[in-house]
Each structure stands twice: as C-alpha cells, then as structure tokens.
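Here, residue 1 is the first one in the sequence, and each next residue gets the next number.
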Amino acid sequence: MRIRIVDAFADRPFTGNPAGVLLLDDVFPDDDWLQNVAMEVNHAETAFAHPLPDGGDADWALRWFTPVTEVAMCGHATLATAHVLHTTGAHEGPVRFATRSGVLIATPGADGSLTLDFPTAPLTPAELPAGVAEALGAQPLAAFDTGPDIGDLLVELADEKTVLGLSPDHKALGAYSARGLIATARAADPARGYDYVSRCFFPNVGIDEDPVTGSAHTALAPYWSPRLGDDLTGLQASRRTGLVRTGLRGARTLLTGRAVTVIEGDLRA
C-alpha cells in the first residue's frame with residue numbers, strides 16, 4: 001500500500017509537524033501491526049484511515065498512533081490525512097472522520113488551507129504541582145488541566161522569551177499529566193503575525209517536544225480568546241515551527257493550516 005509523509009501546519013517542506021498517512025481499503029488491521037508501522041515511521045503520529053459506507057455520520061474511520069501508543073486525538077495527523085484525501089482525489093469537499101474523539105470534520109478552503117472542526121478542550125484551573133517549575137525551568141503564572149481527551153497540563157509563562165528559552169527535564173515532566181505539558185505566553189509583538197506562542201512536551205507518549213500540535217490549540221484557543229479575541233494565530237515555537245489559526249466557536253474550535261506531502265512510497269510489510 002502507499003504510505004506518505006506529510007508536513008502539517010506547514011506551507012513548505014521540512015517545517016510544521018510530519019505525520020505518516022496510510023489510506024486503507026478496508027477495516028483496520030490488528031493493533032500490533034498498526035503500532036509497528038507507527039514505530040517504523042517514527043514521527044510524532046502516523047494516521048490510518050479507511051472509507052466507511054455511504055449514508056452514515058462519517059466518511060472515513062481514522063486512528064492515530066505515536067511510536068509507542070495510540071492517542072485519543074491528533075490535529076496535525078488529521079490535517080495530513082485530509083490533505084492526502086484531497087490531493088489524491090480520494091475525497092472531495094468536507095470530510096467527516098469517525099474517531100475516538102467523535103466525528104471530526106476537515107473542510108478545504110479556496111486558498112488551499114484546511115480547517116479542522118474539533119471539540120474545545122475543557123479548561124479547569126489547577127494548583128501547580130510541586131516540582132513543575134524545576135522540571136520546566138521556569139515559574140508558571142497559572143496552570144490548567146485540559147481534560148481527558150488532551151491530557152495535558154497547560155501553564156502560562158511570563159513572556160515569549162521565557163517560552164522560547166525553555167530547556168526542560170523531559171523525563172521529570174512526565175509526572176504531572178497524562179500526556180505532557182503545554183507552555184504558552186502572549187506574543188511579544190503581534191505585528192509579527194501571531195498572537196501567542198507555545199511549546200509542547202509529551203514524554204508520556206514518546207515525544208519529548210512535538211513540533212506543532214493541533215490538539216493543544218483546542219486548549220490554547222479558549223485560554224487566550226477571553227483576552228485576545230475569538231480568531232487568533234498561534235506560533236508553536238519548536239525548531240521546525242508552525243502557525244495554527246484558531247477560531248473559538250463555543251464547544252468547538254476551528255484549526256486552520258496548510259500541509260505539504262514530502263515523501264511517498266510503498267509499504268511492503
């Protein structure tokens with residue numbers, strides 16, 4: 001079968017977040033095979049999708065695996081899968097994905113972008129656990145739980161410079177949430193094209209730092225929108241970097257970005 005590596009939330013190769021994408025003809029193979037393929041691809045996520053019968057609530061079934069485990073939600077691999085469906089002609093127009101997080105919709109834009117419709121993460125103020133500041137290497141101003149689907153601790157830091165300068169103890173961060181930690185701050189200069197910055201550390205799913213995380217922005221959007229507005233742009237300031245346009249719509253969050261196919265080949269296993 002064909003396998004593709006797609007850079008998501010990117011408008012040029014070697015930026016954004018790479019994801020493996022496999023379009024299957026029929027039902028999902030056994031979980032061990034899916035996990036082994038994801039381990040072989042060795043990117044933050046590999047997405048597996050197969051078509052569903054006409055007339056249902058969704059068009060394609062979709063699952064996501066990191067190199068070490070299956071996850072409940074993944075934005076960048078969903079964007080990558082929608083990109084492959086549209087660029088190969090396998091699907092036209094909005095595509096509805098049946099996932100562990102419900103039906104997720106990806107809608108193509110006239111400008112070549114794709115907009116994902118995801119559930120907004122429920123934010124709950126949290127008492128900062130002892131040791132987080134030491135593990136992160138910076139003192140958070142506030143901390144929030146992001147709910148079971150995301151499974152992160154979100155912390156606001158003093159400023160953009162502090163976020164960019166983080167060099168955390170990744171292993172130590174794993175003790176404070178199910179997946180990891182999102183660090184964020186307001187942009188130093190919104191005229192540069194983004195309203196807030198973030199970095200995401202997910203040691204508990206085998207990813208020390210994720211390049212660009214769509215699911216994290218379902219928590220970042222409701223966090224920043226009360227102060228900055230409902231339609232924002234976030235810069236995830238990893239080494240690869242990427243921009244995610246967010247639109248808060250109550251219980252749903254829109255995530256908009258582009259994607260680029262970088263590698264295409266045959267999977268022979």
Under 3.5 Å donor-acceptor, Gln35 side chain and Pro67 backbone | yes
In Å and rounded to the nearest 0.5 Å, what is the OG1 to CG distance from Thr233 to Leu228?
-> 11.0 Å
Hey, are Arg258 and Asp111 close enough for a salt bridge, meaning a charged N less than 4.0 Å from a carboxylate O?
-> yes
Does atom CZ of Arg186 have more than 12 heavy-atom neighbours, drawn from other residues, nucleotides or ligands, at distances under 6.0 Å?
-> no
Looking at Asp57 and Val103, what are the two nearest heavy atoms and their distance?
-> O-CG1, 4.0 Å
Phe201 vs His170 aromatic rings, parallel, tilted or perpendicular, using cut-offs 30° and 60°?
-> tilted
Hey, what's the ring geometry for His86 with His91, parallel, tilted or perpendicular (30° and 60° as the breaks)?
-> perpendicular
With Asp230 as reference, evaluate Thr253, Leu248, Thr246 under the side-chain contact (heavy atoms from CB on, under 4.5 Å) test and give the passing residue.
-> Leu248
Between Val95 and Leu23, is there a shared hydrophobic cluster once you connect ILVMFWY residues whose side-chain heavy atoms come closer than 4.5 Å?
-> yes
Does Arg268 offer a backbone N or O that forms a donor-acceptor pair with the side chain of Asp266 under 3.5 Å?
-> no
Under-4.0 Å salt bridge between Arg96 and Asp59 | yes
What residue among Leu22, Asn36, Leu34 forms side-chain contact (heavy atoms from CB on, under 4.5 Å) with Pro29?
-> Leu34
Kindly say whether Ala216 contributes a backbone atom to a donor-acceptor pair with the side chain of Thr213 at under 3.5 angstrom?
-> no
Has the side chain of Thr69 got a donor or acceptor atom that lies under 3.5 Å from a matching backbone atom of Val205?
-> no
Backbone N or O of Ala77 within a donor-acceptor pair of the Thr81 side chain at under 3.5 Å?
-> yes
So, does Ser225 use its side chain to make a donor-acceptor pair with the main chain of Pro222 at under 3.5 Å?
-> no
Is it true that the side chains of Asp210 and Asn17 contain a donor and an acceptor less than 3.5 Å apart?
-> yes
CZ on Arg252 to CG on Leu116, rounded to 0.5 Å = 10.5 Å
Name the one of Asp231, Thr120, Asp117 that satisfies side-chain contact (heavy atoms from CB on, under 4.5 Å) with Arg249?
-> Asp231
Straight-line distance of Leu136 CG to Leu181 CG, nearest 0.5 Å = 5.5 Å
Asp145 side chain to Thr124 backbone, donor-acceptor under 3.5 Å | no
Euclidean distance, Trp64 CH2 relative to Ser101 OG, rounded to 0.5 Å = 5.0 Å
Determine, for Arg100 against Glu70, whether the closest basic-nitrogen to carboxylate-oxygen distance falls under 4.0 angstrom.
-> yes
Whether Arg199 side chain and Leu164 backbone form a donor-acceptor pair below 3.5 Å | yes
With rounding to the nearest 0.5 Å, note down the distance linking NE2 in His217 to CD1 in Ile182.
-> 8.5 Å
Work out which heavy atom in Asp189 is nearest to a heavy atom in Glu160; give both atom names and the distance.
-> N-OE1, 4.4 Å
Would Leu141 end up clustered with Leu128 when hydrophobic side chains under 4.5 Å apart are linked, directly or stepwise?
-> no
May I ask you to establish whether Arg63 and Phe48 are in a cation-pi arrangement, using a distance under 6.0 Å from NZ or CZ to the six-membered ring centre and at most 45° from the ring axis?
-> no
State whether the side chain of Thr115 and the backbone N or O of Leu255 hold a donor-acceptor pair below 3.5 Å, judged by distance alone.
-> no
Test ring pair (Phe, Tyr, Trp, His ring centres under 6.0 Å), reference His50, set Trp60, Phe28, Phe97, output is Phe28
Quick one: do Phe65 and Val41 end up in the same hydrophobic cluster if we chain Ile, Leu, Val, Met, Phe, Trp and Tyr together by side-chain heavy atoms under 4.5 Å apart?
-> yes
